[in-house]
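Here the structure is laid out as structure tokens; the discussion comes afterwards.
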2 protein chains.
Amino acid sequence: MTDQLSQTFAALADPTRRAILARLAKGEATVNELAQPFHMSLPAVSKHLKVLEKAKLISRGRTAQWRPCRLEPEALKTIDGWLGDYRSLWEHRLDRLEDYLATLKTEEEEEQK
Amino acid sequence: MTDQLSQTFAALADPTRRAILARLAKGEATVNELAQPFHMSLPAVSKHLKVLEKAKLISRGRTAQWRPCRLEPEALKTIDGWLGDYRSLWEHRLDRLEDYLATLKTEEEEEQK
DNA sequence: GCTTTATTTAGCTAAAAAGTTAATTAACTA
DNA sequence: TAGTTAATTAACTTTTTAGCTAAATAAAGC
């Protein structure tokens, strides 16, 4: 799990981290603000943020003693791109079923000749 | 990491497993066929398949001594759905940059009055 | 029934992940 | 400068993950 894509997927494989991202979608927040909804120590949240940062899902500024976090959509866009290769599998699923049924019907007609 | 979405993300956070999915996108395959490209023991591949199966990314049939695997697009569709909530963040990024530049320009004009 | 082929399970090891509390760093504030 | 607030780092524990080899199971084929 050394590549960037794996790291991003791994970062997303945790409900706490996804909740943090959901919060950041509404705008920047500090570590304390992000930690507030969770039954978890601050260092634990800090670690989650480090994971998200390494995965390039967030970036962090520095304003006095605060380290405001913001969402970085690029990594999500990369996931979306990866998914793109598979999208037709579910989008055209019905089409392919219809194709298949059409094929069956044709074969049936062939047999009757 | 007990929920289904986390499990799916975790399953995708491994290059071997993603390669297996890429192979299965081309059609069903047996465990041996799937294992063939990797420098890895068969039990290791078997474990990866179990992870993918638990994540509902694949399902497995049973034909004699073979256990053919096939891709199940539903779990990927779920990921796509989750991503959907964030899609506007990168799709409208340029728009927002343009908005921002427009704002700057307007402010400049205001100052010159 | 014995052998081969396909795959999984058992039992092990090493490394990574997720959490804890206590201590530390950094910057502001009185 | 001493104290407060924000956040991180250190040190530790527990659980999970990814790999291995060797053994077991399951079905087929002679």
Side-chain angles (χ1 to χ4, degrees), chain A residues 1-24 27-71 75, chain B residues 1-24 27-71 75:
Chain A
M1 206 274 280
T2 168
D3 62 296
Q4 186 65 54
L5 189 55
S6 296
Q7 217 161 350
T8 306
F9 273 125
L12 293 174
D14 182 290
T16 303
R17 289 195 289 260
R18 289 197 306 276
I20 288 172
L21 293 182
R23 165 63 189 79
L24 290 176
E28 286 196 5
T30 66
V31 178
N32 267 294
E33 284 167 353
L34 291 172
Q36 193 255 308
F38 303 108
H39 306 287
M40 199 180 287
S41 68
L42 212 56
V45 173
S46 193
K47 271 191 186 179
H48 279 306
L49 292 174
K50 188 170 275 183
V51 171
L52 289 169
E53 193 178 24
K54 272 194 184 165
K56 310 235 172 115
L57 283 159
I58 66 167
S59 64
R60 288 196 265 189
R62 185 176 281 238
T63 307
Q65 68 256 233
W66 293 278
R67 244 130 284 180
C69 302
R70 63 176 156 282
L71 192 55
Chain B
M1 205 274 279
T2 166
D3 62 296
Q4 185 65 56
L5 189 54
S6 296
Q7 216 160 353
T8 307
F9 274 124
L12 294 174
D14 183 289
T16 302
R17 288 194 291 260
R18 290 198 305 278
I20 288 172
L21 294 181
R23 166 62 189 81
L24 290 176
E28 287 197 5
T30 65
V31 178
N32 266 295
E33 283 166 354
L34 290 172
Q36 192 256 308
F38 304 108
H39 305 286
M40 198 179 291
S41 69
L42 214 57
V45 172
S46 191
K47 271 192 184 176
H48 280 305
L49 292 174
K50 188 172 275 183
V51 171
L52 289 169
E53 193 178 25
K54 273 194 181 166
K56 310 234 173 117
L57 282 159
I58 67 167
S59 64
R60 289 196 264 187
R62 186 175 281 239
T63 307
Q65 69 257 233
W66 295 277
R67 243 131 283 179
C69 302
R70 63 177 154 280
L71 193 55

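Chain letters run A, B, ... following the sequence lines, proteins first, then strands; residues in each count from 1.
When the side-chain nitrogen and oxygen atoms of A:S46 are compared with OP1 and OP2 of D:dT8, one or more of them lie within a distance under 4.0 Å. The phosphate of C:dT8 (OP1 or OP2) has a side-chain N or O of B:R60 nearer than 4.0 angstrom. A close approach under 4.0 Å does not occur between any side-chain nitrogen or oxygen of B:N32 and OP1 or OP2 of C:dT5. For the OP1/OP2 pair of C:dG19 and a distance below 4.0 Å, the side-chain nitrogens and oxygens of A:H48 include at least one atom meeting the criterion.
Of the possible donor and acceptor atoms, one in the side chain of B:T8 sits under 3.5 Å from a partner among the backbone N and O of B:Q4.
Residue-level contact check: B:K50 touches the backbone only, with heavy atoms under 4.0 Å from sugar-phosphate atoms and none from bases.
As a whole-Å value, the separation of A:L49 CG from C:dA18 P is 13 Å. Atom-to-atom, CD of A:E53 to P of D:dT9 comes out at 10 Å; the value is rounded to the nearest Å. In this structure, A:K47 places its NZ atom 13 Å from P of D:dT13, rounding to the nearest Å. Rounded to whole Å, the distance from CD on A:Q7 to P on C:dA17 is 8 Å. Put simply, CG on A:L52 is 15 Å from P on D:dA7, counting in whole angstrom units. The separation between B:M40 atom CE and C:dT8 atom P is 15 Å, rounded to whole Å. Going from atom NZ of B:K54 over to atom C1' of D:dT16 covers 11 Å, rounded to whole Å. Rounded to whole Å, the distance from CZ on B:F38 to P on D:dG19 is 10 Å.
Between A:T16 and A:R67, the residue whose closest nucleotide on DNA chain C is further toward the 5' end is A:T16.
Listed nucleotides D:dA18, C:dT8, D:dA7 differ in distance to A:W66; the shortest reach to its side chain belongs to D:dA7. Set against C:dA18, D:dG19, D:dA22, the side chain of B:A44 has D:dG19 as its closest nucleotide. For B:R62, whose side chain is taken as the heavy atoms from C-beta onward, the closest listed nucleotide among D:dG19, C:dC28, D:dA26 is D:dA26. Distances from the side chain of A:L42 to the nucleotides C:dA27, D:dA28, D:dA7 place D:dA7 closest. The A:Q65 side chain lies nearest to C:dC28 when the options are D:dA18, C:dT8, C:dC28. With D:dT21, C:dA18, D:dA18 as the candidates, the nucleotide lying closest to the side chain of B:D14 is D:dA18. Among C:dC28, D:dC20, C:dT7, the nucleotide with an atom closest to any side-chain atom of B:S41 is D:dC20.
Rounding to the nearest 0.5 Å places OG1 of B:T16 at 4.5 Å from CG of B:D14. The line from CG of A:L34 to CG of A:L52 is 9.5 Å long, rounded to the nearest 0.5 Å.
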**Q.** Intermediate values then yes/no, side chain to side chain contact (heavy atoms under 4.5 Å, CB included), B:K50 and B:R60
**A.** CA-CA 10 Å; B:K50 188 172 275 183; B:R60 289 196 264 187; 4.2 Å; yes
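Applying the side-chain hydrogen bond (donor to acceptor under 3.5 Å, both in side chains) definition to pairs two or more places apart or across chains, those involving residues 39-49 of chain A are A:R17-A:H48.
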